[in-house]
Every structure is written in structure tokens, then in C-alpha cells.
Student: 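Take this structure, written in C-alpha cells, and hold onto it; I'll ask about it next.
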There are 2 protein chains.
Amino acid sequence: MKVLIVEDDPLHRSYLTEAVRTALPECDLVAEAEDGSMGERLAREHRFERIVMDLQMSPRNGIEAARTIWRERPETRILFWSNYADEANVRGISRIVPDGAAYGYVLKSASDERLRLALRSIFIEAQCVIDREVRGMQQKSIGRLQGFTESEYEVLVDIALGLTDRVIASRRNLSLRSVQNRLQQIYEKLGVYDRTETGAEAKYNFRSRAVTEALLRKLLNQATLERAEQDLQDWLRRHARLLGTAPGRDGH
Amino acid sequence: MKVLIVEDDPLHRSYLTEAVRTALPECDLVAEAEDGSMGERLAREHRFERIVMDLQMSPRNGIEAARTIWRERPETRILFWSNYADEANVRGISRIVPDGAAYGYVLKSASDERLRLALRSIFIEAQCVIDREVRGMQQKSIGRLQGFTESEYEVLVDIALGLTDRVIASRRNLSLRSVQNRLQQIYEKLGVYDRTETGAEAKYNFRSRAVTEALLRKLLNQATLERAEQDLQDWLRRHARLLGTAPGRDGH
DNA sequence: AGATCGATTGCGGTTTCCCGCAGGACACAG
DNA sequence: CTGTGTCCTGCGGGAAACCGCAATCGATCT
């Protein structure tokens with residue numbers, strides 16, 4: 001059995017290596033990669049099926065790396081090992097997990113014991129292990145009790161990228177007005193409307209304010225934006241001629 | 001001599017403690033705090049004059065903690081110890097350093113040797129030590145070769161917070177038109193104007209796009225926004241009645 | 001003083017956003 | 001079939017953003 005560790009911080013890397021060695025004595029090879037792209041390469045070339053992966057690395061963060069690894073071999077078992085339990089990260093991960101894959105999500109603040117247990121559960125028993133706090137997030141975000149519809153979230157990302165209503169409409173295959181309806185729901189849920197006394201002037205530009213609210217509440221984060229920006233640029237290239245030749249105005 | 005270490009990650013904390021002990025044998029007390037507010041409290045109660053501080057902690061990140069510590073005792077020597085050299089962090093720090101204070105900024109990727117050297121230079125010789133990469137940032141950002149004026153940066157932060165042109169004008173004591181001029185310069189410098197072929201429809205909402213560009217280029221980051229949001233809320237409270245009673249429309 | 005350059009401000013006009021209103025499409029209950 | 005709900009859509013208008021043009025003010029150089 002062999003395990004790949006993808007983690008940019010040398011201290012954490014050696015700590016992980018040590019933890020793996022003691023938790024999995026049957027493991028005869030522990031390899032290390034110090035960023036996402038090196039992780040992808042090693043996983044591909046040496047067919048690692050067990051990976052411990054840090055989120056937030058650069059270049060190429062853990063989610064991106066995991067996505068391409070899982071695309072190539074969906075049965076790979078990945079344990080995510082991260083500082084935070086943002087909604088953005090949780091959502092990002094549950095969006096890329098292949099059906100039936102074994103994976104885990106444990107926080108760096110967890111005890112050695114918890115880490116050891118997670119390692120054995122995932123890598124030996126092929127069983128998912130997700131930290132309590134993270135589970136909490138999942139309930140909130142997927143159960144959308146307080147959270148966002150998938151389509152609302154997409155539109156939120158789009159305005160965060162700075163797109164116009166029109167482009168969002170064409171990207172998401174909606175009418176202009178529907179996009180604006182989504183926006184209003186978003187503004188509502190984010191509480192962008194100043195509830196100051198009557199008659200006070202609007203303090204905020206709703207569109208921009210919604211984005212910062214989302215950032216402050218950690219619905220979005222820098223890494224998410226970077227990924228989304230990539231997707232956007234791809235889409236733009238594919239649809240360049242569509243948009244370019246699109247008459248836009250249906251004629252005077 | 002005594003040293004305070006403020007760092008939320010236990011691994012890094014113990015590494016730092018060890019580094020301090022070997023680099024400064026004349027040091028007879030090394031204390032540890034695991035977030036910004038605890039750091040502030042310990043510094044205040046035990047009058048630490050030498051501090052090693054992580055940026056990015058929560059709650060209360062390194063910059064905020066340093067600001068209040070320096071406000072209370074400007075002669076405190078602080079070594080910042082961080083993963084990244086964002087423009088946002090560098091700018092944030094150079095904005096709060098008191099005149100003549102000794103401080104340092106070294107990256108976590110630096111060698112043990114560099115760290116040891118920095119510890120001795122700052123804590124013994126009261127001499128500033130700033131990593132190469134960080135220096136580079138300072139040139140770019142303060143020398144504004146490619147960077148932003150202080151006032152442009154302020155306006156950038158304001159639109160990132162989602163404020164209206166009108167509110168920005170009143171907050172920064174500018175005319176509406178000046179704010180808009182600032183904005184145009186910002187759009188220019190961030191390259192928000194799509195340079196696609198002629199006639200293509202505008203893809204972006206400039207205002208929102210500028211913010212994401214700034215985030216992607218790491219001119220801004222979440223922590224900066226949180227701080228700025230605090231300041232904004234304070235300002236709003238102070239000026240509530242000004243804005244509220246402002247007639248705005250001279251009314252019919 | 002005169003010239004020149006930059007920064008600031010006001011005046012329009014165009015575009016985009018924001019959103020109330022109302023009509024249509026589909027589902028589901030009675 | 002008729003009510004009631006939710007979702008999508010178009011219309012229209014008011015407000016904000018965006019931006020070219022031109023007049024003003026201040027600072028610096030000759």
C-alpha cells in the first residue's frame with residue numbers, strides 16, 4: 001500500500017508523513033508533493049490510490065487537483081486536510097466528489113487521534129469520514145435551510161466575477177428578467193437592503209454589496225473566484241463568436 | 001528578556017518557540033498565544049516588548065492585533081511571520097508601523113537560518129528586517145510604479161465594500177465627479193475594459209469587475225475587507241444623522 | 001507675470017441596473 | 001373546469017453608474 005501527501009507547508013508535510021507512518025504500518029511507501037500540480041503529476045504517474053490533500057495551496061489548490069485526479073481515476077480515496085470549514089470549500093468539494101468515492105474532510109485543528117482514525121477508515125475501510133463542523137456546513141448549504149439554490153449560487157458567482165445581467169442570462173440560458181429576479185432573491189437573502197430608518201438614501205450599490213457580503217460570510221473566497229474565473233474564460237472563448245456576432249439589439 | 005509568540009497553528013507555534021529558544025539563548029521566557037485577541041491581552045498584561053506574530057488568524061488577525069498593540073506601546077518590536085506576500089498585507093502593515101519602530105517581515109518559506117538572523121536583528125539590534133519578496137512588493141505598491149495612489153486605493157476599498165458613488169464622495173470628502181474620475185482611473189489600471197474586437201458588447205459591469213480583478217491580483221483580500229467593513233460601520237454610526245437628515249433630493 | 005500641467009468640479013447624455021406590475025405557463029387540489 | 005401556487009417573462013420608468021467636454025483652481029518652472 002502506498003500513500004501520497006500533497007501539502008505545501010513543510011512542517012505540516014512532515015507531521016502528516018509521520019502520522020501516516022504510525023497510523024498505517026502496512027503502508028510501505030509515503031510520497032510527498034508540495035503543490036497541487038506536482039500532486040496531480042505524481043498521482044498520475046505512480047497511480048496513487050490514497051491521497052492526503054491540503055486545500056489552499058498555490059499554484060493549483062487542493063480542489064482543483066482533486067478534480068483532475070478524480071476525473072482520471074474516480075476510485076481514488078482522498079482525505080482533505082484543511083484549516084477552515086468555509087461554505088465555499090465544502091460546497092466546492094461536494095460538487096466534485098464522484099459517486100461512491102471514499103473521501104474525508106478533517107480539520108487541521110483535530111486531534112492526532114481523530115486524524116489517525118480518519119486515515120484508517122478511509123484508506124482501509126473505504127469509508128467516508130467528515131468532521132462535525134464540516135457536516136454542519138453541509139446541512140446548511142445543501143439543505144438550503146438558510147442557504148442558496150444551486151441556480152442562485154451560480155448567479156451569485158457570476159456577479160462576483162463582474163458579469164452584466166445580459167451575459168449572465170446568455171451564459172445560464174435564462175431571460176434577462178429571470179436573472180434580475182435571481183438577483184433580487186440574492187439581495188434579499190444576503191440582507192443587502194439597508195434596514196435603516198425610512199427615507200434614508202440607499203447606502204449601497206446592491207450588486208457590489210452582495211458580493212462583499214458573500215465574501216464576508218465566506219460563501220465565496222478567493223480560491224473559488226479563481227476557479228470560477230477560469231471557467232468563465234473558457235466559456236468566453238467557446239462563445240466568443242456567439243457573443244461577438246450576436247446582434248444584441250434586435251435591430252432598431 | 002522575554003518573547004511572545006502569537007500563532008494559531010500548533011505546529012508552527014512549537015517550531016517558532018524552538019527557533020526563538022535557540023536563536024536567543026539570553027531569552028528567559030517564551031509565551032504563546034493562539035489568536036490575535038489573546039495576543040493583545042498577553043502583550044498588555046505582561047508588557048511584552050518583543051513579539052512574533054502570524055498574519056491570518058481568526059478571530060482577530062495579526063494586523064489588527066499589531067495595530068492595537070502598537071497603539072498602546074509604539075516601541076514594541078514585532079516580527080511578522082506569514083505565508084504570503086500579498087500586496088494587501090504589505091500595504092496593511094506599512095500603514096500601521098509607528099515611526100521608528102523596529103519590525104520585520106519574513107515568509108514562512110524562509111530558511112531556519114534567515115529566521116534566526118531576523119530574530120536577532122530585530123529583538124537585539126532593533127533593526128528592521130524585511131524579506132526580499134516583500135521588499136519587492138513595497139516598491140511596487142508604495143512607489144506606485146504600476147500601483148495605486150493612496151486615494152485611489154481608498155476608493156477601491158469603498159467600492160469593494162459596495163458603497164454608492166454618493167456615499168464614497170461624502171466619506172472621502174470629494175465631489176461626486178471626482179469619485180467617478182477615480183473610478184475610471186481604477187478601471188483603467190485594472191484593465192477592466194474588455195479589449196475584445198470592436199463592437200462587442202460590454203461583458204462586464206465595471207464596478208463589480210474591478211473588485212474581482214483586485215481580489216484576483218491580491219490587491220485586496222478577505223481580511224482587508226473585514227477590517228475595512230469594521231471601519232465603515234464605525235463611520236456610518238458616527239455619520240448616521242448626517243446622512244439621515246441630508247435632504248439629498250431638494251424635493252419638490 | 002505668463003505658461004503649463006495636473007487635479008477637481010459641474011453639465012449633459014447614454015447605458016445599465018433595480019424593481020413594481022401584470023400576463024402566461026405548468027402543477028396540483030378540490 | 002376553476003382556484004391557488006410557483007416560476008418565468010416582457011414592459012416601463014426611476015435611479016445609479018459611466019463618461020466626454022469644458023471651466024476652474026493650484027502648484028511649479030522660466
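Order of the sequence lines sets the chain letters (A, B, ...), proteins ahead of strands, with each chain counted from 1.
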Student: To the nearest angstrom, how far is B:Arg207 atom CZ from D:dA15 atom P?
Tutor: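 Those two atoms, CZ and P, are 18 Å apart.
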Student: Has B:Gln184 got a side-chain N or O lying under 4.0 Å from the OP1 or OP2 atom of D:dG20?
Tutor: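 Yes.
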Student: Answer yes or no: does a side-chain N or O of A:Ser178 lie under 4.0 Å from OP1 or OP2 of D:dT9?
Tutor: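 For D:dT9, OP1 or OP2 has a side-chain N or O of A:Ser178 closer than 4.0 Å.
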Student: Whole angstrom is fine here: how far is it from CD1 in A:Ile186 over to P in C:dC19?
Tutor: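 Atom-to-atom, A:Ile186 to C:dC19, this comes out as 12 Å.
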Student: Could you tell me whether A:Asp9 and B:Lys108 make a salt bridge, using a distance below 4.0 angstrom between a side-chain N and a carboxylate O?
Tutor: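 Looking at A:Asp9 and B:Lys108, the cut-off is not met.
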Student: So does B:Arg166 get a side-chain nitrogen or oxygen closer than 4.0 Å to the phosphate oxygens (OP1/OP2) of D:dA15?
Tutor: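 Checking B:Arg166 against D:dA15: no side-chain N or O falls below 4.0 Å of OP1 or OP2.
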Student: Just checking, is any N or O donor in the side chain of A:Asn181 or A:Ser178 under 3.5 Å from an acceptor N or O on the other one?
Tutor: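 Per modelled atom types, A:Asn181 and A:Ser178 side chains form no pair under 3.5 Å.
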Student: Report the distance from atom CZ of A:Arg209 to atom C1' of D:dA15, rounded to the nearest whole Å.
Tutor: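 After rounding, the reported distance stands at 20 Å.
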Student: Can you list the residues that meet the side-chain hydrogen bond (donor to acceptor under 3.5 Å, both in side chains) rule with A:Arg209, with sequence neighbours excluded?
Tutor: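 side-chain hydrogen bond (donor to acceptor under 3.5 Å, both in side chains) check on A:Arg209 returns A:Glu213, B:Glu229.
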Student: Rounded to whole angstroms, how far apart are CG on B:Asn181 and P on D:dC19?
Tutor: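 Taking CG of B:Asn181 and P of D:dC19, I get 11 Å after rounding.
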Student: B:Tyr193 side chain N/O closer than 4.0 Å to the phosphate oxygens (OP1, OP2) of D:dC19?
Tutor: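 It does, given that an N or O in the side chain of B:Tyr193 lies less than 4.0 Å from OP1 or OP2 of D:dC19.
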Student: Checking B:Trp70 against B:Thr76 for the side chain to side chain contact (heavy atoms under 4.5 Å, CB included) test, could you report, in this order, the C-alpha distance in whole Å, the side-chain angles of both residues, the deciding distance, and whether it holds?
Tutor: CA-CA 6 Å; B:Trp70 265 332; B:Thr76 310; 4.0 Å; yes
Student: Can you find a side chain N or O atom of B:Arg177 that sits less than 4.0 Å from OP1 or OP2 on C:dG10?
Tutor: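 For C:dG10, neither OP1 nor OP2 has a side-chain N or O of B:Arg177 closer than 4.0 Å.
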Student: Rounded to the nearest angstrom, tell me the gap between atom CG in A:Leu176 and atom C1' in D:dC8.
Tutor: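 Between C1' of D:dC8 and CG of A:Leu176: 13 Å.
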Student: Using only side-chain N and O atoms of A:Tyr204, determine if any of them is under 4.0 Å from OP1 or OP2 of D:dA17.
Tutor: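 Indeed not, no polar side-chain atom of A:Tyr204 lies that close.
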Student: In whole angstroms, how far is the P atom of D:dC19 from the CZ atom of B:Arg182?
Tutor: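 Distance, rounded to whole Å: 16 Å.
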Student: Just how far, in rounded Å, is C1' of D:dC18 from CD1 of B:Ile168?
Tutor: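 That distance rounds to 14 Å.
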Student: Is there a donor-acceptor pair closer than 3.5 Å between any side-chain N or O of A:Asn61 and the backbone N or O of A:Glu64?
Tutor: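 At least one qualifying donor-acceptor pair exists.
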Student: Taking only the side-chain nitrogens and oxygens of B:Gln185, find out if one of them lies under 4.0 Å from OP1 or OP2 of C:dA7.
Tutor: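 No, B:Gln185 has no side-chain N/O under 4.0 Å of OP1/OP2 on C:dA7.
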